[in-house]
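These notes concern the structure reproduced below.
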Amino acid sequence: MYLSITVPIYQKIELQTYYIYDTVEAGKEYEYTTKIKNVAARDITIDPEVNGYDYSFGESGIDNDAIEISAPSVLSPGEIADMVIRVSVSESAAGSYNGYIKMNVDGKKIWI
């Protein structure tokens with residue numbers, strides 16, 4: 001199956017990688033890491049959450065609960081931290097998953 005996850009770009013943060021596109025196998029786990037940098041002049045809060053969408057007519061091979069995101073909740077000005085995205089692909093997975101990560105920067109659920 002194919003996995004596609006997008007992370008929007010915000011004016012307060014910079015991301016090393018903002019797009020994941022991979023071929024994943026049923027029954028396996030995958031981990032992706034990207035660097036987040038606070039480019040704002042003050043502390044910012046983030047609360048990343050995944051949101052899947054599917055424009056195809058087939059079934060999605062992964063649901064949102066199979067994707068776990070780890071990141072610090074507060075970043076100081078200039079701080080660089082890791083955001084880790086773990087994907088557990090079920091044994092019965094097939095098809096594709098398309099989604100994005102809402103970073104919820106300072107509590108705003110804006111996706112650009």
Side-chain angles (χ1 to χ4, degrees):
M1 69 171 287
Y2 296 103
L3 173 72
S4 172
I5 300 174
T6 303
V7 182
I9 299 170
Y10 295 89
Q11 295 177 349
K12 296 179 181 180
I13 61 175
E14 289 179 354
L15 298 167
Q16 175 188 42
T17 303
Y18 62 92
Y19 190 79
I20 298 168
Y21 185 79
D22 200 2
T23 301
V24 296
E25 294 182 37
K28 294 194 176 184
E29 292 189 13
Y30 296 84
E31 184 174 288
Y32 307 92
T33 302
T34 187
K35 300 280 186 199
I36 306 169
K37 181 178 181 181
N38 177 357
V39 294
R42 60 179 177 77
D43 287 358
I44 60 168
T45 61
I46 60 172
D47 184 19
E49 63 180 292
V50 70
N51 186 19
Y53 63 88
D54 190 11
Y55 295 120
S56 68
F57 295 103
E59 290 187 31
S60 178
I62 299 174
D63 61 18
N64 292 344
D65 294 338
I67 301 171
E68 177 187 326
I69 303 169
S70 302
S73 58
V74 178
L75 293 172
S76 300
E79 182 178 359
I80 299 172
D82 286 337
M83 178 169 68
V84 179
I85 302 155
R86 290 181 189 84
V87 181
S88 298
V89 185
S90 72
E91 291 286 341
S92 61
S96 64
Y97 175 90
N98 294 298
Y100 62 93
I101 296 173
K102 290 190 278 187
M103 293 299 290
N104 296 319
V105 177
D106 290 332
K108 297 177 183 170
K109 296 184 178 186
I110 300 171
W111 186 68
I112 299 172

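These values consider heavy atoms only, across backbone and side chains, with no hydrogens, waters or symmetry-generated copies.
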Please check if M103 and V74 belong to a single hydrophobic cluster, counting links between Ile, Leu, Val, Met, Phe, Trp and Tyr side chain heavy atoms closer than 4.5 Å.
no

Hey, are the side chains of R86 and S70 touching, using non-hydrogen atoms and a 4.5 Å cut-off?
yes

With side chain to side chain contact (heavy atoms under 4.5 Å, CB included) as the criterion, how do L75 and I36 come out once you've worked through the C-alpha distance, each side chain's angles and the decisive distance to 0.1 Å?
CA-CA 9 Å; L75 293 172; I36 306 169; 3.6 Å; yes

Nearest non-hydrogen partners of A81 and P72, listed with the distance:
CB-CG, 3.5 Å

With distance as the sole test, does N38 use its side chain to make a donor-acceptor pair with the main-chain N or O of E79 at under 3.5 Å?
no

Cluster question for you: counting only ILVMFWY and a side-chain heavy-atom cut-off of under 4.5 Å, with indirect links fine, are I13 and I80 together?
no

Could you walk me through whether D106 and R42 pass the side chain to side chain contact (heavy atoms under 4.5 Å, CB included) test, one step at a time?
CA-CA 11 Å; D106 290 332; R42 60 179 177 77; 3.1 Å; yes

I'd like to know if the side chain of T34 and the backbone of T17 have a donor-acceptor N/O pair within less than 3.5 Å.
yes

Side chains of V87 and I20 in contact at under 4.5 Å (non-hydrogen atoms):
no

If you round to the nearest 0.5 Å, how far is OG of S73 from CG of D47?
8.0 Å

Taking side chain as C-beta onward, heavy atoms only, is K35 less than 4.5 Å from D82?
yes

Please name the pair of heavy atoms, one in V89 and one in A26, separated by the smallest distance, quoted to 0.1 Å.
CG1-CA, 3.7 Å

What's the separation between atom OH in Y21 and atom CG in N98, rounded to the nearest 0.5 Å?
8.5 Å

Side-chain contact, heavy-atom cut-off 4.5 Å: P48 with N104?
no

Whether Y30 side chain and T23 backbone form a donor-acceptor pair below 3.5 Å
no

Would you check, one step at a time, whether the test side chain to side chain contact (heavy atoms under 4.5 Å, CB included) holds for V84 with E31?
CA-CA 7 Å; V84 179; E31 184 174 288; 3.5 Å; yes

I85 side, atom CD1; E68 side, atom CD - distance, nearest 0.5 Å
11.0 Å

Please determine whether side chain to side chain contact (heavy atoms under 4.5 Å, CB included) holds for the pair V50 and Y97, giving the CA-CA distance in whole Å, both sets of side-chain angles, and the decisive distance to 0.1 Å.
CA-CA 12 Å; V50 70; Y97 175 90; 3.4 Å; yes

Backbone N/O of A66 and side chain of D63: donor-acceptor pair under 3.5 Å:
yes

